[in-house]
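The structure under discussion appears below in the form of structure tokens.
Naming: A, B, ... by sequence-line order, numbering from 1 per chain.
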2 protein chains.
Amino acid sequence: MAPITKKPTIKDVAKLAGVSFKTVSRVVNNEASVSDAVRDKVNECINKLNYRPNHTARTMRKAPFSLAFVYDNPNSNYVIQMQNGIISQCRKQGFELVIRPTDSKAEDVGKELAAMIGSNQIGGVILTPPLSENRALVTFLLNQGAKVVRILSGSEPPDDLAPVIYVDDIAAGDDITAYLLQLGHRRIAFLGHNPAHESSRGRLQGYQQAHDKQGVSVDKNLIIEGEFTFESGMKMTQTLLENNPQRPTAIFACNDEIAAGAVFMARLQNLRIPEDISIVGFENSPFSVQTLPHLTTMDQPNFDIAASAAALVISLMQEQKEMKTSSKGFNPKLLIRDSATQPATSK
Amino acid sequence: MAPITKKPTIKDVAKLAGVSFKTVSRVVNNEASVSDAVRDKVNECINKLNYRPNHTARTMRKAPFSLAFVYDNPNSNYVIQMQNGIISQCRKQGFELVIRPTDSKAEDVGKELAAMIGSNQIGGVILTPPLSENRALVTFLLNQGAKVVRILSGSEPPDDLAPVIYVDDIAAGDDITAYLLQLGHRRIAFLGHNPAHESSRGRLQGYQQAHDKQGVSVDKNLIIEGEFTFESGMKMTQTLLENNPQRPTAIFACNDEIAAGAVFMARLQNLRIPEDISIVGFENSPFSVQTLPHLTTMDQPNFDIAASAAALVISLMQEQKEMKTSSKGFNPKLLIRDSATQPATSK
DNA sequence: TTAATGGTTGACAACGTTGACATGATAACG
DNA sequence: CGTTATCATGTCAACGTTGTCAACCATTAA
């Protein structure tokens, strides 16, 4: 293809087709009242000139066609999955995505985003935890005139501020704990307790709930605090094994990265998995297949969650109404692989 | 902060300050000939109204202030690091980043990007391997009128098509191999050979080169083909150990993920690291600290590489000249941690 | 035959900004 | 004092598109 000299405009197309540029605009926007003959001729000229409507001019005359994805999350896998989900949806609807990583100083995020909204670059924002838990930020963004969708942990939207895509960590924590209990485990450790972390709280609550349902009591010594990292997973496992001479028969790790660390540490201690100790993860991230054996885990459909959030913001941007009722929930599903089995004693 | 009714424009500021809107424009753009008194008053009014220049209108009148980052890479850590580096630079210079993941079908990428360039959304593109190796794509994008910067493996730019940020994998492969040789290793395995993968080729070449310099011959059986993944790292290690009764004393893994897989598998085979076998990685990714011991590796400054690529595209977009000479090279540096030591025999 | 209808099309302004140019005031110079 | 250069500011068109409204033509109803 030859180098282009200048980008063709709607007027160039109009001249070539012998119609007014307004008619071309009508064709481009698929408006009704254009005769078939004219429509065909215009389309032909558009192709001939390789004309692309100027996104910028369009945005100026109408509304922004871009949305922002704000993340403050050390987990690259999570971010990339979310990002890909959002982009996939954006592409389908002709929207563009602008990325905004941040360093958790929520105030600065607010200012920066306000600048982007104020400058008409973006019309909508998708927030993930922990940013999405910041109600002040949400309110602030709404007041700036942006559409906001939050991705949150919970069994229902916490308020009517803005639509929420929620993931039920309690039910999921319950499910996977129930699975371990049903296998016969009675001493199940919980790795990754973190009161400041919404998902961690939810999963722990589900863990507790499943025990209660079965009338099994929880040994508090088996609940270990830590970060959502591989390294922390190793350390927590070490702590767990050192402090509990009566070894737990199973470990519920709060995410796959912790679980991978737990598998690694357990092997270092010459424990076989799952024969000596069962280990389950959470999220179905790439980490879950970076262990031997592969992890039984909860499959959390991040891509779909993100796509669904994107679809929601876009619909908010298109309709002018508020649609506060359009929240949607996702339930992670148990994904059985090879890292959990019946405890030795019950065999 | 109260909900805003309508975004203030330059004219609102002008009215409030009692000057013409052109003067406000001058203040906003930091142009010279504005008296201090007026400048101060205008700035005051800008703050009072919380005015933000409309990015869209600006883009239309001048040139696009956005660039695209195109990736086709399964490695989330890499993508996120690059992305963060680019964004950090963009932010400094008031540019915006648009993300474009793709599924390696180069032709579609070209079309999509052409559409974005044609519609004036973006003025520049940053390409990473393997997309950046596709000269047809680069030429195509240049012909569309975009500025292009490629990130490539090599010791110098391969051509004058467009500026290149290049990472010298050969020198780096040489460096880390030389380190192992200098420790006394004579049987060093190479994991992750992949002729289709530019970086893999370069690192292997460096590996060979270091051996040649020392007059040490390479045992071809120690060069194992595979993917850049944890799982492949495990498999390659297993193959390596099975096929070589005379065990290598060190492993050079083509990246940290492979190395982590190697560490895991070596442990499964009851090998101590580094006492029984030294293992080094490449990239200094998060994987390099997700093993015990932490990996000696080559530190590849992805963030800085990306920031530098971004700075380059932006300068190309700003200057109208071509700047074909502005390529820049990076050399990964040896990062010594705990996974490599002298071989047992030489102790 | 005339008026009303409905489907196509075009003329023009507008979005918010910057660039080119014009104007007015002040300072510098002979 | 008159002329010119310099600085500060303003006026207006333009970027490429869409919204508003008017105009046109062909058909149908009265």
Side-chain angles (χ1 to χ4, degrees), chain A residues 4 6-43 45-46 49-65 94 115-121 123 145 318 320, chain B residues 4 6-43 45-46 49-65 94 115-121 123 145 318 320:
Chain A
I4 55 167
K6 199 176 174 309
K7 291 169 188 166
T9 75
I10 207 170
K11 289 184 184 172
D12 299 319
V13 179
K15 202 176 293 171
L16 185 63
V19 296
S20 81
F21 67 91
K22 179 67 222 197
T23 301
V24 178
S25 169
R26 288 199 177 93
V27 174
V28 170
N29 291 296
N30 256 315
E31 286 175 31
S33 58
V34 180
S35 69
D36 289 348
V38 172
R39 183 181 299 274
D40 289 347
K41 197 205 301 183
V42 169
N43 275 324
C45 295
I46 287 177
L49 293 181
N50 198 29
Y51 162 78
R52 307 275 175 204
N54 186 316
H55 187 265
T56 311
R58 237 174 170 172
T59 298
M60 189 163 72
R61 209 62 188 83
K62 312 185 93 168
F65 286 96
M116 293 183 70
I117 298 162
S119 68
N120 217 41
Q121 280 182 83
Q318 286 174 336
Q320 279 308 327
Chain B
I4 54 168
K6 199 176 174 307
K7 290 170 187 165
T9 76
I10 207 170
K11 289 184 184 171
D12 299 319
V13 179
K15 201 176 294 173
L16 185 62
V19 296
S20 82
F21 67 92
K22 178 69 222 196
T23 302
V24 178
S25 168
R26 289 199 175 91
V27 173
V28 170
N29 290 297
N30 256 314
E31 285 175 32
S33 58
V34 180
S35 70
D36 290 348
V38 171
R39 183 181 300 274
D40 290 347
K41 197 204 302 183
V42 169
N43 275 325
C45 295
I46 287 177
L49 292 181
N50 198 29
Y51 163 78
R52 306 278 173 202
N54 186 317
H55 188 264
T56 310
R58 236 173 171 174
T59 298
M60 190 164 70
R61 214 55 193 89
K62 313 185 94 167
F65 285 95
M116 293 182 70
I117 298 162
S119 68
N120 218 39
Q121 280 181 83
Q318 286 174 335
Q320 278 309 327

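- As rounded to whole Å, 12 Å separates atom C1' of C/dA20 from atom CD of B/Glu31.
- For the residue pair B/Ala17 and B/Val42, the shortest heavy atom distance occurs at CB-CG2, 4.3 Å.
- Side chains of A/Asn29 and A/Arg58: a donor-acceptor N/O pair is present below 3.5 angstrom, by distance only.
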Could you write nucleotides 7-17 of chain D as a row of B, S and -, 5' to 3', where a protein heavy atom under 4.0 Å of any base atom gives B, of only sugar-phosphate atoms gives S, and otherwise -? -SBBBBBBBBB
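- In this structure, A/Thr56 and B/Arg61 have side chains that are not in contact, with every pair of non-hydrogen atoms separated by 4.5 Å or more.
- Looking at residues two or more places apart in sequence or on another chain, you find a salt bridge (Lys or Arg N to Asp or Glu O under 4.0 Å) between B/Arg26 and B/Glu31.
- The shortest distance between side-chain heavy atoms of B/Leu16 and B/Val13 does not fall below 4.5 Å.
- Between B/Tyr51 and B/Pro8, the closest heavy-atom pair is CD1-O, 3.4 Å.
- End-to-end axis angle of the helix from C/dT1-D/dA30 to C/dG30-D/dC1, using five pairs per end and rounding to 10°, comes to 60°.
- Remark: side-chain polar atoms of B/Asp12 are paired, donor with acceptor, to backbone N or O of B/Thr9 under 3.5 angstrom.
- Side-chain contact between A/Thr23 and A/Ser20 is present, with heavy atoms from C-beta onward closer than 4.5 Å.
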